[in-house]
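All figures in this text were calculated on a predicted structure; none of them were measured in a lab. Note on naming: letters A, B, ... go to the chains in the order of the sequence lines (proteins, then strands), and numbering restarts at 1 for each one.
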Amino acid sequence: MPELPEVETIARGLDKRVRGDVIESIWLGSKPEPLKSTAKEIAATLEAKRISQVRRVGKHIVFDLAEHRPSRSRKKSRKADPPSQNAQWIVHLGMTGRMLVCEPSAEIEKHTHAIAQLGSGRELRFVDPRRFGRLSVTHGFAAPGSEPLEVELDRFVSLFRNRKTPIKSALLNQSLLSGVGNIYADESLFRAGIRPRRRASSLTREDLRRLYLAIQEVLKEAIALGGSSISDYVDADGEEGFFQLQHRVYGREGEPCLVCKTPIKRVVLAGRSSHYCPKCQK
DNA sequence: ACTATGTCCTGCGAGC
DNA sequence: TGCTCGCAGGACATAG
């Protein structure tokens with residue numbers, strides 16, 4: 001479901017609602033796909049931990065955990081460790097994953113794969129019909145690619161300069177940039193005036209500079225509007241996003257370009273729908 | 001090392 | 001009404 005702006009919105013909402021709460025126990029469903037770490041490992045890492053913070057890294061939600069009832073010896077060893085070595089719960093929502101904060105009495109939705117009981121009496125539930133989402137535990141999590149809103153221009157240019165693959169495919173490659181997905185790749189390429197099939201290596205430094213600025217602009221606008229609500233996406237508070245109203249090419253095949261009225265085209269690239277204006281994008 | 005393609009899943013809407 | 005088909009916000013494994 002979610003790309004960077006949606007995950008950012010969800011992580012902020014979760015941080016507001018569960019920061020400081022304690023995970024008392026966790027139930028994990030029997031379907032193996034959603035678990036990247038073993039169930040045993042996840043349970044052992046999460047139980048009796050306090051959620052010190054919830055944040056976004058790439059398209060991942062990171063729950064930073066702290067000992068809730070540290071023993072004397074643990075406390076001592078924790079002092080010696082850098083904060084980055086504290087345990088973390090990593091949630092990737094895939095296409096259809098959701099994290100819900102609810103009362104235990106709330107009906108358990110179909111495709112619920114994990115339920116964490118919280119000290120506040122509430123529950124944190126992971127629901128994901130398509131099971132493309134993943135749960136794992138780790139220490140010092142880092143996304144493989146650069147953060148689009150933090151990367152410097154020179155670094156950005158060097159990521160794409162020598163790639164023969166279409167620029168759209170390169171934008172979706174999370175080991176280059178972490179967080180851009182199908183919607184925001186299309187929207188950024190439109191704003192930068194670049195066709196999705198252009199070879200990344202054919203782009204001039206000026207092209208890449210425009211793309212760099214377009215990506216940041218699109219992502220910031222989308223975050224400000226709470227992300228794009230397509231089908232049933234809602235954030236942690238059940239609020240819809242509104243950036244879908246700002247889409248200029250995504251999902252608009254055949255509709256007139258908002259700039260020049262030319263019908264928007266759709267092609268399939270790397271197995272993903274790609275939308276562009278054949279006149280505005282070169 | 002890089003690139004292109006298939007696969008993992010369920011649910012929904014379009015078209016018949 | 002009910003069926004089949006294509007499509008969906010993602011990311012891996014695999015083969016070339």
Checklist entry - Taking the six-membered ring for Trp, are His247(A) and Tyr250(A) parallel (under 30°), tilted (30 to 60°) or perpendicular (over 60°)? => result perpendicular
Next on the checklist: Please determine whether a side-chain nitrogen or oxygen atom of Tyr250(A) lies at a distance below 4.0 Å from atom OP1 or OP2 of dG9(C).
Outcome noted: yes
Checklist entry - Does Tyr184(A) have its ring centroid less than 6.0 Å away from the ring centroid of Phe243(A)? => result yes
Next on the checklist: Any side-chain N or O of Lys36(A) below 4.0 angstrom from OP1/OP2 of dA11(C)?
Outcome noted: no
Item to check | Contact letters for nucleotides 2-7 of chain B, in which S counts primed atoms plus P, OP1 and OP2 and B counts the base, heavy atoms under 4.0 Å | outcome: SSS---
Next on the checklist: Are Leu225(A) and Gln246(A) packed together at the side-chain level, in the sense that at least one heavy-atom pair is separated by less than 4.5 angstrom?
Outcome noted: yes
Checklist entry - OP1, OP2 of dG11(B) versus side-chain N and O of His111(A): anything below 4.0 Å? => result yes
Checklist entry - How many Å lie between CG on Leu172(A) and P on dC12(C), as a whole number? => result 13 Å
Checklist entry - Expressed in angstrom and rounded to an integer, what is the separation of Arg134(A) atom CZ from dC9(B) atom P? => result 9 Å
Checklist entry - Phosphate oxygens OP1/OP2 of dG10(C): is one of them under 4.0 Å from a side-chain N or O of Lys59(A)? => result yes
Next on the checklist: Do Ser30(A) and His113(A) make a side-chain contact, defined as non-hydrogen atoms from C-beta onward lying under 4.5 Å apart?
Outcome noted: no
Next on the checklist: Quick one about Ser25(A) and Gln117(A) (side-chain donor to acceptor, distance below 3.5 Å, no hydrogens or angles considered), yes or no?
Outcome noted: yes
Checklist entry - Do Arg210(A) and Asp207(A) pass the salt bridge (Lys or Arg N to Asp or Glu O under 4.0 Å) test, and can you show the C-alpha distance, the side-chain angles, and the key distance before you say yes or no? => result CA-CA 5 Å; Arg210(A) 284 203 321 280; Asp207(A) 289 331; 3.3 Å; yes
Checklist entry - Is the closest side-chain heavy-atom distance between Val137(A) and Leu65(A) below 4.5 Å? => result no
Checklist entry - How does DNA chain B look in dot-bracket notation if pairs are Watson-Crick or G-U with both distances under 3.5 Å, crossing ones as [ ], other-strand ones as |? => result .|||||||.|||||||
Item to check | Rounded distance in Å - CD (Glu187(A)) to P (dG9(C)) | outcome: 12 Å
Checklist outcome for this item: Within residues 123-132 of chain A, the residues having a heavy atom closer than 4.0 Å to DNA chain C are Arg130(A), Phe132(A)
Checklist entry - Can you find a side chain N or O atom of His92(A) that sits less than 4.0 Å from OP1 or OP2 on dA11(C)? => result yes
Item to check | Test side-chain contact (heavy atoms from CB on, under 4.5 Å) applied to Glu147(A) and Arg56(A), step by step | outcome: CA-CA 10 Å; Glu147(A) 281 289 332; Arg56(A) 175 197 64 79; 2.9 Å; yes
Next on the checklist: Under the criterion side-chain contact (heavy atoms from CB on, under 4.5 Å), I'd like the reasoning laid out for Phe190(A) against Cys277(A): C-alpha separation, chi angles, the key distance, then a yes or no.
Outcome noted: CA-CA 7 Å; Phe190(A) 174 78; Cys277(A) 171; 3.9 Å; yes
Checklist entry - Picking from Ile90(A), Leu93(A), Leu135(A), what satisfies side-chain contact (heavy atoms from CB on, under 4.5 Å) with Ile61(A)? => result Leu93(A)
Next on the checklist: For a quick check under 3.5 Å, do Asn162(A) and Ser201(A) share a side-chain donor-acceptor pair by atom type?
Outcome noted: no
